[in-house]
Each structure stands twice: as C-alpha cells, then as structure tokens.
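What follows is a set of notes on a single structure, which appears directly below.
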2 protein chains.
Amino acid sequence: MGVIGHTPAEDASRGRSASIWDVARVAGVSQQTVSRVINGKGRVSEATRAKVLQVIAELGYRPNKLARMLAGGPVRSVTVLTSDTALYGAAATLRGMEEAARTAGFSVGISVLERDTVQPDVTVRLNRPGEAVMVIAFDDAGVRALTSLPPDVPVAAAVERRPDTEAPDPWQVWLDDRAAAAHATRYLLSLGHRTVHYVAIPSSTSDLPQRTQGWMDALKAAGRPVPEPLQGGWTPRSGYLAVRDQVADRSVTAILCGNDDLALGVMRAAREAGRDIPGDLSVVGFDDSPPSAYLNPSLTTVRLDFEGLGRACFDLLHRRLEPQTAPAFPTWSEPELIVRESSGPAPA
Amino acid sequence: MGVIGHTPAEDASRGRSASIWDVARVAGVSQQTVSRVINGKGRVSEATRAKVLQVIAELGYRPNKLARMLAGGPVRSVTVLTSDTALYGAAATLRGMEEAARTAGFSVGISVLERDTVQPDVTVRLNRPGEAVMVIAFDDAGVRALTSLPPDVPVAAAVERRPDTEAPDPWQVWLDDRAAAAHATRYLLSLGHRTVHYVAIPSSTSDLPQRTQGWMDALKAAGRPVPEPLQGGWTPRSGYLAVRDQVADRSVTAILCGNDDLALGVMRAAREAGRDIPGDLSVVGFDDSPPSAYLNPSLTTVRLDFEGLGRACFDLLHRRLEPQTAPAFPTWSEPELIVRESSGPAPA
DNA sequence: GAGAGAAGGGTTACCGATAACATCGCCTCC
DNA sequence: GGAGGCGATGTTATCGGTAACCCTTCTCTC
C-alpha cells in the first residue's frame with residue numbers, strides 16, 4: 001500500500017475529521033477501494049466491503065461533498081434563486097423544493113434576489129460554474145434572473161405562465177392561473193354580479209399577467225363590461241391603496257384580487273367605506289394563504305398547490321441531472337376555488 | 001512557466017468554463033500570481049495586477065467556491081438549519097440571515113428540520129465536516145438540532161431564550177420575549193381587565209416558555225389570579241380549538257396569544273361564541289406578522305424584530321469565523337407593543 | 001563593494017474525493 | 001501448457017484552488 005505525499009496519521013492526530021484516507025488506512029485497503037464501497041461502483045469482495053463499512057462506522061466518517069463535486073462526482077446540490085420569500089407563493093414553493101431536494105439527498109442553497117435593483121450578475125451566486133439551479137420566477141426579478149442565466153447551467157424553473165414560444169423550454173412548471181382566475185370570475189358572475197372588478201399583482205413580464213387574462217376571458221365570454229384593472233402590489237397595504245378611492249362606489253359589487261394579501265387590504269378599505277362583506281360586496285382572493293380561512297370574514301380564494309409545484313420543479317431538475325435514476329414525473333394539484341364567507345349573492 | 005500535468009488549452013476547447021490556469025496562461029503569469037490578485041494577499045506589481053484583472057474580465061472567470069473551500073480557503077458559506085419556514089418568525093429570521101450573509105459574500109444553504117420526527121443525524125446535511133451553521137432554534141426541533149451538533153462545527157443560533165447556565169454559550173442571540181409578554185400583559189391590566197388569559201405556543205424546552213413566563217410575571221406582580229395557560233400549537237386552527245370551549249365565558253375579558261396565528265384562531269372562536277372584539281373581549285397577539293395590521297379587527301400585537309435578529313445571528317457567526325474582518329457587533333430592535341383595534345377597556 | 005532586506009513572482013505539496021488505467025491471481029479454453 | 005478473461009485492487013492523474021517555501025532582482029546601508 002503506497003501513500004503518496006500524505007500522512008493520514010498526522011491528520012487524525014491533529015483533530016481533523018476522518019477522510020477517506022483514514023478509512024483506507026485503518027481498513028488496510030486502498031483509498032480507491034473505499035470510494036468503490038461508498039459509491040457502489042466497481043467490484044469489491046463482500047469481505048472487504050464489510051470491513052470498510054465497519055471502519056466507516058467506527059470512525060464516523062462522512063464523505064466531503066465539496067471534494068466529491070470538485071472531482072466530478074454526481075452533482076447533488078442545487079441553488080434556489082427566488083425573490084422575496086415573504087410572499088406566500090414563493091415561500092411555499094421554496095418549501096416544496098427544499099423538501100423534495102432533501103429527500104432525494106441533494107443539498108440546497110438559497111439566494112434571494114432583490115427586487116427593483118440592478119442584478120449585478122447572478123452567476124456569482126453560484127458555487128461553481130455549472131451549478132444546478134432552480135428559479136422561482138413568479139415576478140419580474142425572478143424572470144430576469146432566469147433569462148440571464150448562462151446556457152450551460154442546468155436549470156428548472158417555476159414560472160407564472162406556460163411559455164408561449166414555438167419550442168417552449170421543457171424545464172419549466174407552472175400553475176394554470178389563467179383558468180383559475182376565469183373560474184373564480186365565472187363563480188362571481190353566477191352569484192348575480194353584473195361584472196367583477198380586479199386588483200392585479202405586478203406582472204412578471206411585459207404581457208398581461210395570467211390572472212388578469214383569465215379574469216378578462218371570463219368577463220368577455222359572458223359579454224360583461226370589463227372595468228379597468230386596478231394595479232396593486234404584493235402587500236395588503238397596496239391593495240388598500242389601490243381600491244380606496246373606488247370602493248365606496250356601490251356599483252362595485254364584486255372584486256377579485258391577485259392574491260390574498262391584496263384581498264386583505266381591499267376588505268379593510270371596504271369596511272372603512274362602510275361596505276358590508278359579503279352583504280353588498282363580494283371579495284375573492286388568490287393563493288389560499290394560511291390565514292385566509294380564519295379572517296373575518298373568512299376569504300373565498302383560489303387554492304394553488306405551490307408546494308406541489310416546487311416538488312415538481314425539483315423532480316424536473318432531477319430528471320435533467322440524472323435521467324436514469326430520477327423518479328417518474330410527478331403531478332401537482334390543479335387550482336381549486338375555495339368558497340368561504342367573503343363572497344355572496346349580488347345585492348338586490 | 002511550468003505547467004504540471006495540465007493542459008488548459010484542451011480544457012478551454014472542450015467548452016469548460018475558465019479556471020485559474022486559463023487566466024494564468026493568457027496573462028502570462030503563474031497560477032499562484034492569479035490567486036494572489038484575486039485574494040489581495042502577497043505582493044503583486046500594479047502592472048501585473050491590472051493585466052490579470054483584465055484577463056479575468058475578458059474570460060469571464062469566476063473562482064470555483066468549492067475548490068477554494070476544499071483547499072482550506074476562508075469558509076464563506078453557511079448552512080441554516082430551521083424547522084417549518086411556514087411560521088412567520090422562522091421565515092423572517094431566515095430572511096435576515098440570508099440577506100446579511102449574501103451581503104457579506106457568503107453563500108447560504110438551507111435545510112429544513114422535520115418536526116415530530118426522529119432526526120437521524122444533522123451532520124449528514126452539511127457539505128463537509130466543519131461547515132459553518134446557523135440554527136433557528138425557536139422550537140423543539142431546532143433546539144435538538146442545535147444540541148446534537150458536534151462541538152467542532154462553528155455555529156451561531158437564534159434561540160427562544162437567554163441561556164441561563166453559568167457560562168452561557170456566547171454564540172446565541174435572542175429576543176426578550178419574557179419582558180415583552182409582561183409588557184403586553186401589563187398593558188391589558190391597565191385597561192381595567194381583572195386578569196389576562198394566555199394561549200401558549202409549544203415550548204422549545206422542558207421549561208416554561210419565555211412568553212408564558214413573562215405573562216405570569218406581570219400577573220403575579222400585580223397580584224392578579226393566574227389562570228391555567230391554554231395550550232395551543234402554531235396554527236390558527238390550534239388557537240381556535242384551544243379556546244373554543246372557554247371563550248363563551250364572559251368572565252374572560254382579555255386573552256394574550258403566543259403568536260398572531262393563534263390570535264387569529266382565537267378571534268374567530270370568539271366571534272362564533274358571540275363575543276365582540278374589542279367590546280367585551282380584548283385579544284393581543286405576538287410577532288406582528290404582516291397581515292395583523294389589516295385584520296378585522298386589526299390586531300394589537302408585539303412587534304419582534306426577527307429580521308434584525310437573523311442579521312445579528314449571522315454577524316455573530318461572521319465574527320466567529322473572521323474575527324478581524326467582521327463588522328462591529330450589530331443591534332436589533334427591542335420588542336414593541338403595537339396597539340391596534342383588537343384591544344380595549346374591560347367591559348363594565 | 002558586499003550583505004541584508006524587501007519586492008515580485010514561481011514551485012511544490014496538499015485539500016478529499018473520482019475516474020481511467022494498470023496489476024495480480026486464478027480459472028477456463030484450445 | 002500458454003493465452004485470454006475476469007474479478008478484485010492498487011496507482012496515477014485530475015478537479016480548481018490555497019499555503020508554505022523558494023528564487024531572483026533591486027535597493028539600501030555600512
């Protein structure tokens with residue numbers, strides 16, 4: 001057994017944690033054999049394998065993932081790029097991604113994108129060129145990060161909308177926001193409302209956001225007037241401000257909101273304007289964030305399976321990285337309208 | 001210039017991204033000199049430095065952080081261990097940590113701890129032995145992870161309470177929950193309530209949680225009866241269930257809740273029991289989560305600077321890793337009572 | 001004019017793994 | 001009985017860096 005330019009004995013005495021060399025030395029085999037045992041590649045006799053595994057246990061040896069990656073081993077690490085984890089959608093998607101990744105034995109890094117700021121260069125956030133990446137691209141910052149990624153990085157993304165190019169990027173997942181918004185709008189119309197007003201979340205692209213589009217689809221299909229959408233932000237406050245001046249208008253009887261936080265602000269503005277919910281104003285949100293069911297009144301909203309989407313996004317990436325081993329392509333739930341107290345029949 | 005067993009030209013043509021060798025070759029210097037320029041260590045002439053920097057820019061070279069860490073360079077990477085990022089406190093703390101770490105040039109990994117599950121061995125989550133770690137230890141899972149960490153890993157933690165051992169672990173930060181809870185309780189007493197009931201969040205240790213303790217402190221100091229604390233969980237639902245049977249009791253006029261989500265559930269239970277908030281029942285929360293200000297009624301609560309705490313936790317770790325370079329020790333805001341609509345004078 | 005430093009930069013070893021290739025028995029086949 | 005093949009291991013090169021050490025040149029100083 002030759003040890004080239006290395007004295008594991010010294011390492012051990014210096015208190016560093018065990019390396020593959022220590023295991024090899026104690027087990028009386030070469031370091032490569034230990035590697036074989038760990039990775040299950042190559043042929044190792046049963047006796048040797050057992051011995052090595054025993055020594056590994058004794059020494060409490062843990063492979064150094066960094067070294068493994070450097071040496072060109074399997075990737076097994078992902079960095080998630082997301083903006084503003086304060087938002088329920090992003091946070092829930094991240095949770096799904098992390099859970100799926102951890103279960104599959106990947107380590108996950110996270111890097112938050114600043115909104116409204118010039119993104120210097122996303123690649124500096126990666127641990128190495130070619131690092132695998134997932135992007136939560138529900139908003140502008142995410143989309144910019146996604147498009148600015150060099151072509152050689154393996155990436156999967158959760159995006160706001162189905163790509164509408166001829167040859168869509170197959171490494172994307174999305175929820176059918178458009179259909180969901182249309183569904184929610186039809187629901188409100190079915191309650192007898194003449195039309196439905198809409199408070200929009202910021203768009204992730206230059207196009208009309210999917211939720212806005214779906215709302216318009218439904219109104220047009222029903223031949224109803226399409227009011228100018230009100231522009232909100234991401235926070236309750238922005239919803240409050242967006243509708244404050246119009247909500248006193250009693251001809252407004254139904255408002256669909258781009259997310260639950262906006263709905264919260266809208267309901268407050270309505271209350272301050274003396275409107276009764278759902279008596280003479282129905283409010284519907286989007287996302288089904290955790291507090292929604294307990295609000296006063298509890299919020300009718302569209303439940304979106306963000307966690308499932310996040311898991312699916314990871315599985316997609318997993319397939320991309322390890323086509324043989326990755327599990328079958330997963331599914332996630334379709335959007336679902338959850339009817340609660342905040343919506344009701346149009347006032348007489 | 002000797003190139004030992006390496007042919008960068010081939011690498012480049014094979015489409016790999018530039019390495020330090022490529023830069024060295026193009027700049028006509030040794031690879032070590034490039035390293036010196038990058039790290040600002042050692043002496044390099046101004047001309048050489050400029051040349052190297054220029055080549056770096058031309059080639060779009062990015063140092064491989066993995067290789068750097070392997071080679072024993074400065075650490076500059078942290079893994080955050082947290083449970084359940086769905087909770088506002090944990091999520092906000094994580095945000096603060098990530099922001100501070102990213103600003104300081106660290107890359108951050110995240111690994112979520114499962115609650116109510118046997119933690120196999122946290123160290124397998126780390127990228128290498130000795131990896132730097134931050135733990136969000138507000139609950140049981142976090143505390144267990146923190147205590148199970150081997151002594152050689154550099155760690156900083158955000159914990160629920162000031163350690164009360166003789167020689168407290170200096171690498172911990174916390175918010176003064178106890179004083180805050182006492183303050184909120186005194187506030188309610190000052191409104192004329194005879195006593196204050198409490199709905200507790202789960203404890204992170206076997207001791208009485210800090211918030212519960214603070215609430216008791218205030219009641220005892222004022223000589224008021226101390227009702228049995230009600231045990232809640234982390235969700236609105238658990239708050240709802242915890243108080244459902246008692247909230248109809250009109251002698252209960254003030255309820256302090258361990259967090260805002262519990263308060264949400266409590267308010268709903270109270271409403272269903274026909275209680276008017278704040279007319280004949282005052283409810284106070286804890287955390288000041290984002291929706292609180294827009295609830296109906298808006299929630300009186302204790303604002304906690306979780307983001308500041310997260311930033312401080314990172315700075316602590318930073319000082320531990322790089323005592324010379326790390327910035328001065330940071331401060332974060334003290335808890336602050338935010339009075340809103342959900343609390344008022346005791347009913348006559 | 002010579003020795004001592006300081007500047008500037010090159011060499012070599014090493015971090016902890018993986019991959020490709022080499023080696024060594026031993027058994028089978030012609 | 002020698003060639004070929006295969007199982008089980010050992011060797012060497014490499015990944016992309018950092019650190020310690022070494023080697024020239026100059027510039028000072030006495």
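Chain letters run A, B, ... following the sequence lines, proteins first, then strands; residues in each count from 1.
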Do any side-chain atoms of residues 49-61 of chain A form donor-acceptor pairs under 3.5 angstrom with protein atoms, and if so which ones, sequence neighbours left out?
residue	atom	partner	partner atom	Å
Gln54(A)	NE2	Glu58(A)	OE2	2.8

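Between atom CG of residue Leu87(B) and atom CG of residue Leu94(B) there is a gap of 12.0 Å, rounded to the nearest 0.5 Å. In this structure, the separation between CZ on Phe314(B) and CD on Glu99(B) is 11.0 Å, given to the nearest 0.5 Å.
We find that CD1 of Ile20(B) is positioned 12 Å from P of dG10(C), with the value rounded to whole Å.
Contact between Thr93(A) and Phe138(A) at its shortest, heavy atoms only, is OG1-CE1, 3.5 Å.
Residues of residues 45-68 of chain B that place a heavy atom closer than 4.0 Å to DNA chain C, in numerical order, are Ser45(B), Thr48(B).
Under the rule for a salt bridge (charged side-chain N to carboxylate O under 4.0 Å, His left out), the partners of Arg95(B) that lie at least two apart in sequence or sit in another chain are Glu307(B). Shown here are the side chain to side chain donor-acceptor pair (under 3.5 Å) partners of Asp139(B), two or more places apart in sequence or in another chain: Ser83(B), Arg115(B). Applying the side chain to side chain donor-acceptor pair (under 3.5 Å) rule to Thr85(B) yields no partners; only residues at least two apart in sequence or on another chain are considered. Glu322(B) pairs by the side chain to side chain donor-acceptor pair (under 3.5 Å) definition with Arg76(B), His318(B), Thr325(B), not counting sequence neighbours. Applying the side chain to side chain donor-acceptor pair (under 3.5 Å) test to Arg62(A) and every residue at least two apart in sequence or in another chain returns Asp121(B). With sequence neighbours excluded, no residue satisfies salt bridge (charged side-chain N to carboxylate O under 4.0 Å, His left out) with Asp305(B). Partners of Glu160(B) by salt bridge (charged side-chain N to carboxylate O under 4.0 Å, His left out), not counting sequence neighbours: none found.
Direction of the helix axis in the helix from dG1(C)-dC30(D) to dC30(C)-dG1(D) shifts by 60° between the two five-pair termini, rounded to 10°.
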What does the list of N/O pairs under 3.5 Å between the protein and nucleotides 5-7 of chain D look like, with a distance for each?
residue	atom	partner	partner atom	Å
dG7(D)	OP2	Arg43(A)	NE	3.2
dG7(D)	OP2	Arg43(A)	NH1	3.4
dG7(D)	OP2	Arg43(A)	NH2	3.2

Between the protein and nucleotides 21-25 of chain D, which nitrogen or oxygen pairs come in under 3.5 angstrom?
none

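Salt-bridge formation is not detected for the pair Arg319(B)/Asp315(B): no Lys NZ or Arg NE/NH1/NH2 atom is positioned less than 4.0 Å from an Asp or Glu carboxylate oxygen. Using a cutoff of 4.0 Å between basic side-chain nitrogens and carboxylate oxygens, Glu131(A) and Lys65(B) are not scored as salt-bridged.
Taking the side chain of Ser30(A) as heavy atoms from C-beta on, and the options dG16(C), dG10(D), dT18(C), the nearest nucleotide is dG10(D). When distances are taken from the side chain of Gln32(B) to each of dG10(C), dA17(C), dC15(C), the shortest belongs to dG10(C).
On a pure distance criterion of 3.5 Å, no polar donor-acceptor pair joins the side chain of Gln31(B) and the base of dG10(C).
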